[in-house]
Amino acid sequence: MSLVQPRTLPGALELLPREQIAFQRLLDTIRATYERFGFLPIETPVMELTEVLLTKEGGETERQVYFAQSTGDREAGREPELALRFDLTVPLARYVAQYEHQLAFPFRRYQIQRVYRGERAQRGRFREFYQCDIDIVGKDELPVRFDAELPAVIYSLFTELGFGGFRIQINNRKLLRGVLAALGIAEGEPQTLVLREVDKLDKRGPEYLRDTLRERFSLGDDIIGRLLAFVGTRSTSYAHARGLLADLERDLAHPLLAQGAAELREVLDRLVDFGVPDSHVCLNFAIARGLDYYTGTVYETILTDHPEIGSVCSGGRYDDLASHYTKSRLPGVGLSIGATRLFWQLRELGLYKDAESTVQVLVALMDESLLGPALQLATRLRAAGIAVEAQLEAAKLAKQLKYADRAGIRFVALLGSDELAKGVVSVKDMQRGTQFEVAADELAATLEVEIAQARAMAGVPRA
RNA sequence: GUGGAUGUAGCUCAGACGGUUAGAGCACCGGAUUGUGAUUCCGGGGGUCGCGGGUUCGAAUCCCGUCUUCCACCCCA
């Protein structure tokens, strides 16, 4: 009998327990931050009806969608009626349209779930991955000031995560389109194509962009020069950002440009109130984002200590989220963190070590005859709310300690005949290599203090 | 979906011109007398050289095909 090689599909991330714990901590921190900013949880099914999911015909998204089908339908040769979601925004649109009359607006939801994309596998590209989305959806209106709240969430979150410096880059699609129009690039398709290239500026560099614009779009050198000067602009502070907007409006005139600039000014003003320091924010006029539904503010965040990772979080404003599902006008602003990629890349850089085990204490079994006392000890610790694993087989102590070491369990409770006679328990701290004795009755309380201390030292956020 | 590269132990790799039983480091397992891990010492298991075919007295090594993975494009978290 030939064995089937055990493997996952390419583009799936599967983790060992201690890595999984580290990943879970990341998700926990994201969740806690989202909740602290008043976002409400929802989940939607992995599969949606095809007609619901694929509201836009053809194109790039459809090529990346996985379809699902019952065996019966497949054998009957019917078209698949189900598809796996490729993001969380489309399901949100459906959700909001469906429950519109039961939801309170502005509706602030967070959603942390996996999505699926049929991509060719590549480093750091996944076919199944977590997105951690927050969106605020308004009814009829959603003032621009909401656009400043999402960066505030991101500022808080990445500060807490502690991956070093980061920069929230902000731009505005109206401003972009206004500038392009003022430079004589026609609205619609031509602007879309130019923006797609502009978006690559930070990755490919100005020379590449200049050549592309000259060859593919046959723009004049004067226009290209002005465009490059514009999209190459970055602000260094809020004051500088306001100055850049003023300069821009003085040099070029267009209604969209003026509107975009006004929106950005509003966002900048509110960011100050939200307590986001301008060391972590910058206007980047090359940020264009997914060219389909964003209409105003767009965001992209990078880790300044690890720029090679690229964008770790992005999003923006859309005018009408659910136009395919309802006649109600539902404008919104949202943003998404690709947690799987973020985790994977930070781990590649060696910034994510395996986490300590969720098991806080291992009760060793020194001798077969001590099974009863050991299990009773474990039970008492659990009753005190401590996560305990008890060894059920007596083995050499060295082996049990090695097990604890590998499993990442910090404390080992030793209850041998000596301890039993004295009414104490020995506790070994695997990390510090220290050991102490404590009266059996006081063990739970002592361990709670030790665990709290260890957690504080490690900077692990409260769950 | 298009183009390019890769493929030797679990991992990272070495194996010049084809020539006898294919190697290293790390990892893994076991041991170094009594109840102490991660360090040290000793020993051990593990490879149809991606797969199929061809050339040859002889192929990990040369040729063809195929699959896989990786990289770029597209798109994006």
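Sequence lines set the chain letters: A, B, ... in the order given, protein chains first and strands last, and positions in each chain run from 1. What you see below is based on every heavy atom in this structure, not just the backbone, and it leaves out hydrogens, waters and symmetry mates.
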What integer number of Å spans the [atom1] atoms of [N] and [M]?
| N | M | atom1 | value |
| --- | --- | --- | --- |
| B/rC41 | B/rU48 | P | 31 Å |
| B/rC49 | B/rG53 | P | 13 Å |
| B/rA22 | B/rG50 | P | 15 Å |
| B/rG58 | B/rG65 | C1' | 23 Å |
| B/rG45 | B/rA27 | C1' | 13 Å |
| B/rC70 | B/rA32 | C1' | 45 Å |
| B/rC17 | B/rU12 | C1' | 27 Å |
| B/rU6 | B/rC62 | P | 11 Å |

What integer distance in Å separates [X]:[atom1] from [N]:[atom2]?
| X | N | atom1 | atom2 | value |
| --- | --- | --- | --- | --- |
| A/Ile409 | B/rU36 | CD1 | C1' | 15 Å |
| A/Leu9 | B/rU69 | CG | P | 10 Å |
| A/Glu348 | B/rA77 | CD | P | 21 Å |
| A/Leu362 | B/rU36 | CG | P | 16 Å |
| A/Glu419 | B/rG35 | CD | P | 12 Å |
| A/Lys203 | B/rC73 | NZ | P | 7 Å |
| A/Lys402 | B/rA32 | NZ | C1' | 13 Å |
| A/Met366 | B/rG35 | CE | P | 8 Å |

In terms of side-chain heavy atoms of A/Gln435, which of B/rA77, B/rU36, B/rC75 is nearest? B/rU36
A/Ser314 side chain: which of B/rC73, B/rC29, B/rA77 is closest?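 Side chain of A/Ser314 sits closest to B/rA77.
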[X] side chain N/O closer than 4.0 Å to the phosphate oxygens (OP1, OP2) of [N]?
| X | N | result |
| --- | --- | --- |
| A/Lys399 | B/rG30 | yes |
| A/Lys396 | B/rA32 | yes |
| A/Arg289 | B/rC75 | no |
| A/Arg204 | B/rA72 | no |
| A/Arg406 | B/rC28 | yes |

For [N], which nucleotide is its Watson-Crick or G-U wobble mate, given both distances must be under 3.5 Å?
| N | result |
| --- | --- |
| B/rG3 | B/rC71 |
| B/rG58 | none |
| B/rG65 | B/rC51 |
| B/rG25 | B/rC11 |
| B/rG45 | none |

Can A/Phe129 be said to stack with the base of B/rA77, given centres closer than 5.5 angstrom and planes under 30 degrees apart?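 Here A/Phe129 meets both the 5.5 Å and the 30° conditions.
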Toward the 5' end of RNA chain B, by each residue's nearest nucleotide, A/Ser336 or A/Thr434: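 The residue mapped nearer the 5' terminus is A/Thr434.
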Residue mapping more 5' on RNA chain B - nearest nucleotide basis, A/Lys200 or A/Tyr130: A/Lys200
Can you label the angle between the [X] ring and the [Y] ring as parallel, tilted or perpendicular, going by 30° and 60°?
| X | Y | answer |
| --- | --- | --- |
| A/Tyr95 | A/Phe107 | parallel |
| A/Tyr318 | A/Tyr294 | tilted |
| A/Phe23 | A/Phe343 | perpendicular |
| A/Phe163 | A/Phe158 | perpendicular |

Has the side chain of [X] got a donor or acceptor atom sitting under 3.5 Å from an opposite partner on the base of [N]?
| X | N | value |
| --- | --- | --- |
| A/Arg125 | B/rC75 | yes |
| A/Gln431 | B/rG37 | no |
| A/Gln400 | B/rU36 | no |

Any donor-acceptor pair under 3.5 Å linking the side chain of [X] with the backbone of [Y]?
| X | Y | value |
| --- | --- | --- |
| A/Ser235 | A/Leu283 | yes |
| A/Glu356 | A/Ala407 | no |
| A/Thr212 | A/Tyr208 | yes |

Counting the atoms with a prime plus P, OP1 and OP2 as sugar-phosphate, which does [X] contact under 4.0 Å by heavy atoms, base, sugar-phosphate, or nothing?
| X | value |
| --- | --- |
| A/Gly310 | nothing |
| A/Ile337 | nothing |
| A/Ala398 | sugar-phosphate |
| A/Asp418 | base |

Working for ring pair (Phe, Tyr, Trp, His ring centres under 6.0 Å), residues A/Tyr116 and A/Tyr66: CA-CA 7 Å; A/Tyr116 299 84; A/Tyr66 286 107; 7.2 Å; no
